[in-house]
Protein chains: 2
Amino acid sequence: MSNTEKDFLTNYNIHDYELPLTTVDMAIFTIRDEALNVLLVKRNQHPAKGKWALPGGFIDTHKDKSLDDTAKRKLVEKTGVKISHVEQVASFSGKKRDPRGWSVTIAYMALIADEHIKLIKDESSEEIQWMPVHQIGKKMSLAFDHKGILNACHERLKSKIQYTSLPVNLLPSEFTLSELQTTFEILLEKPVEKKSFRRRILSSDILEETGAMKSGPSRPAKLYQVVNKEGKNYLFPRTLEGSR
Amino acid sequence: MSNTEKDFLTNYNIHDYELPLTTVDMAIFTIRDEALNVLLVKRNQHPAKGKWALPGGFIDTHKDKSLDDTAKRKLVEKTGVKISHVEQVASFSGKKRDPRGWSVTIAYMALIADEHIKLIKDESSEEIQWMPVHQIGKKMSLAFDHKGILNACHERLKSKIQYTSLPVNLLPSEFTLSELQTTFEILLEKPVEKKSFRRRILSSDILEETGAMKSGPSRPAKLYQVVNKEGKNYLFPRTLEGSR
DNA sequence: GTAATAGTGTCTATAAGACACTATTGA
DNA sequence: TCAATAGTGTCTTATAGACACTATTAC
């Protein structure tokens with residue numbers, strides 16, 4: 001009997017080994033009513049039927065070219081949003097986190113702007129809604145270990161805003177510096193000094209003026225957009241500490 | 001027929017769905033001969049038999065309580081090292097990265113000190129050795145997408161040394177500030193200003209004097225050890241840029 | 001005019017970079 | 001004594017924080 005890789009693969013049966021269940025779960029964040037919100041779905045099917053959970057599910061090995069595709073597919077299925085920041089956060093694993101058996105979930109977070117979004121119910125969820133993140137910590141329980149996953153995603157987000165421009169992804173395509181500052185303040189949970197903030201953002205060249213102005217009840221503000229949207233998030237040389 | 005979660009689980013068969021292969025791969029880093037090295041094994045079995053690869057493999061759903069356990073188990077199996085920094089980096093996935101089918105690997109990096117380590121061959125590897133990371137980029141090919149995984153781990157390491165004290169994990173339990181500085185310089189690939197470096201490290205309180213001195217051909221140096229080994233890595237308020 | 005929000009000028013504080021200096025060992 | 005490496009003093013630089021100031025709109 002020969003021993004080529006081809007022979008090996010011919011005789012290889014993926015089910016000869018005990019494989020873990022592998023899924024993707026997502027914390028989809030947005031800012032609504034001056035607060036950080038995350039998208040939750042009420043599970044329609046066992047296990048954990050009737051419980052609120054992060055959207056997620058199995059990999060479609062026919063449709064998905066990678067886990068990133070799986071995550072983006074889930075995002076589109078629930079929100080219709082195609083372009084946004086989607087980032088792998090961490091994986092969670094173990095024998096007990098899912099009653100179906102040893103499982104692994106790769107957690108993603110997505111940041112989207114709260115504009116023109118219509119949430120989409122499907123066969124896996126009887127309800128879908130935005131929930132303020134600070135309300136989940138205390139009152140609610142989530143399915144599986146989703147509270148821990150949400151926590152990890154929230155921590156990642158809070159950590160990254162210290163030194164990156166990530167929060168721009170929570171805003172619509174055009175926004176004022178004051179709106180951006182408010183977003184940072186919501187995430188940092190403390191006020192940010194206006195001059196420092198503007199200096200930091202403007203000197204980083206991550207934004208450019210659109211030329212348009214946003215009018216309101218007072219002085220109109222310049223509108224900005226992100227430069228080079230496909231590029232990486234800018235890394236600031238110092239952390240933003242917020243007012244002391 | 002009732003519809004409880006228990007009934008659901010009774011009838012649930014994990015193999016009714018097409019599951020991806022899920023594995024763990026590790027970039028185990030150390031400093032040897034003034035260079036960053038990574039541990040490679042020569043694969044003894046199909047697929048990619050005979051190729052150099054990062055150590056890794058399947059989850060043992062009986063032994064491993066989590067993927068972190070899987071990673072730590074692999075580390076001990078290859079190096080005998082139990083205590084070290086082990087960190088999840090990212091996952092890699094897709095239909096084509098492994099010829100056996102749609103697969104997911106969770107990549108870990110480990111940082112260990114190059115002391116008293118005896119590399120351990122086992123049934124999965126005919127050879128095991130340290131390889132300088134800079135030699136892999138150009139000449140060598142690695143099995144599967146392991147070069148991409150190694151790259152991601154290397155990038156993560158390089159990024160984290162800018163603002164954390166991570167590299168202390170590459171040194172033995174007692175070391176001098178000069179040795180620590182050299183380690184940072186190897187990772188940053190540029191010289192670091194001595195006074196700035198010492199000020200930064202000493203003011204962070206991540207180290208404490210052991211009381212002992214390291215003698216050499218010149219003035220003896222104070223030996224330091226990490227304070228609070230179980231704690232997190234210290235986050236510096238500014239990045240280390242190295243000499244300009 | 002006033003209220004409200006946008007946007008600036010400029011001083012201080014902090015931690016990094018530069019670099020010359022002193023200290024302590026072995027040979 | 002000298003060579004070598006450990007360790008310090010102190011000036012400069014870069015960027016964040018503080019906070020008062022001016023600018024522009026609607027009413």
Side-chain angles (χ1 to χ4, degrees), chain A residues 34 161-165 167 171 174-185 187-225 234-244, chain B residues 34 161-165 167 171 174-185 187-225 234-244:
Chain A
E34 310 269 290
I161 58 180
Q162 307 281 335
Y163 50 92
T164 73
S165 53
L171 288 163
E174 297 195 358
F175 49 86
T176 69
L177 285 184
S178 294
E179 288 165 349
L180 184 58
Q181 181 177 339
T182 301
T183 302
F184 271 80
E185 288 173 333
L187 296 175
L188 283 167
E189 297 179 296
K190 57 185 171 184
V192 168
E193 214 291 313
K194 183 167 58 167
K195 185 64 198 292
S196 312
F197 181 77
R198 301 172 85 92
R199 212 174 22 204
R200 179 178 166 102
I201 298 294
L202 292 176
S203 68
S204 73
D205 291 325
I206 53 174
L207 300 184
E208 63 187 8
E209 297 179 15
T210 66
M213 303 289 281
K214 176 158 190 170
S215 299
S218 70
R219 176 175 173 175
K222 281 182 184 170
L223 281 165
Y224 290 83
Q225 63 194 6
Y234 181 79
L235 272 174
F236 293 95
R238 300 196 194 170
T239 58
L240 227 203
E241 298 178 35
S243 301
R244 293 182 186 160
Chain B
E34 310 268 291
I161 58 180
Q162 307 281 334
Y163 51 92
T164 73
S165 52
L171 288 163
E174 296 195 359
F175 49 85
T176 69
L177 285 183
S178 294
E179 288 165 349
L180 183 59
Q181 181 177 339
T182 301
T183 302
F184 270 80
E185 287 173 333
L187 295 175
L188 284 167
E189 296 178 300
K190 58 185 171 184
V192 169
E193 213 291 314
K194 184 167 56 165
K195 185 64 198 291
S196 312
F197 181 76
R198 301 172 85 92
R199 211 174 23 204
R200 179 179 165 101
I201 297 294
L202 293 177
S203 68
S204 72
D205 291 325
I206 52 174
L207 301 183
E208 63 186 7
E209 297 179 16
T210 66
M213 304 290 281
K214 176 159 189 169
S215 299
S218 70
R219 176 174 173 175
K222 282 183 183 170
L223 280 165
Y224 290 83
Q225 64 194 4
Y234 182 80
L235 272 174
F236 292 96
R238 301 194 194 170
T239 58
L240 227 202
E241 297 179 34
S243 301
R244 293 184 184 157

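Residue numbers begin at 1 in each chain, while the letters A, B, ... track the order of the sequences. Any value given below was found using the heavy atoms of this structure, including those in side chains, with hydrogens, waters and symmetry copies removed.
By the side chain to side chain donor-acceptor pair (under 3.5 Å) test, B/Q162 pairs with no residue at all, sequence neighbours left out. Evaluation of the side chain to side chain donor-acceptor pair (under 3.5 Å) rule for B/K195 yields no partner, not counting sequence neighbours.
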Per-nt protein contacts along nucleotides 4-11 of chain D (heavy atom under 4.0 Å; B base, S backbone sugar-phosphate only, - none) come out as BBBBBBB-

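As rounded to whole Å, 13 Å separates atom C1' of C/dA16 from atom CZ of B/F197. D/dA18 atom P lies 12 Å from atom CD of A/Q181, rounded to whole Å. Atom CZ in A/F236 sits about 19 Å away from atom C1' in C/dA15, given to the nearest Å. Put simply, CZ on A/F184 is 12 Å from P on D/dA16, counting in whole angstrom units. Residue B/I201 contributes atom CD1, which lies 15 Å from atom C1' of C/dG17 at whole-angstrom precision. Rounded to whole Å, the distance from NZ on B/K190 to C1' on C/dA16 is 13 Å. Regarding B/L223, its CG atom lies at a distance of 14 Å from the P atom of C/dT25, rounded to whole Å.
A pairwise comparison of heavy atoms in A/R238 and A/R200 identifies O-NH1, 2.9 Å as the closest pair. What you find for B/E209 and B/K222 is that their closest heavy atoms are OE2-NZ, 3.2 Å. Nearest heavy-atom pair, B/F197 versus B/L177, reported as atom, atom and distance to 0.1 Å: CE2-O, 3.8 Å. Heavy-atom minimum distance, A/Q181 versus A/V192: NE2-O, 2.9 Å.
Map B/S215 and B/P237 each onto its nearest nucleotide of DNA chain C; the residue landing nearer the 5' end is B/P237.
Considering only side-chain N and O atoms, A/R238 lies nowhere under 4.0 angstrom from the phosphate OP1 or OP2 of D/dA16.
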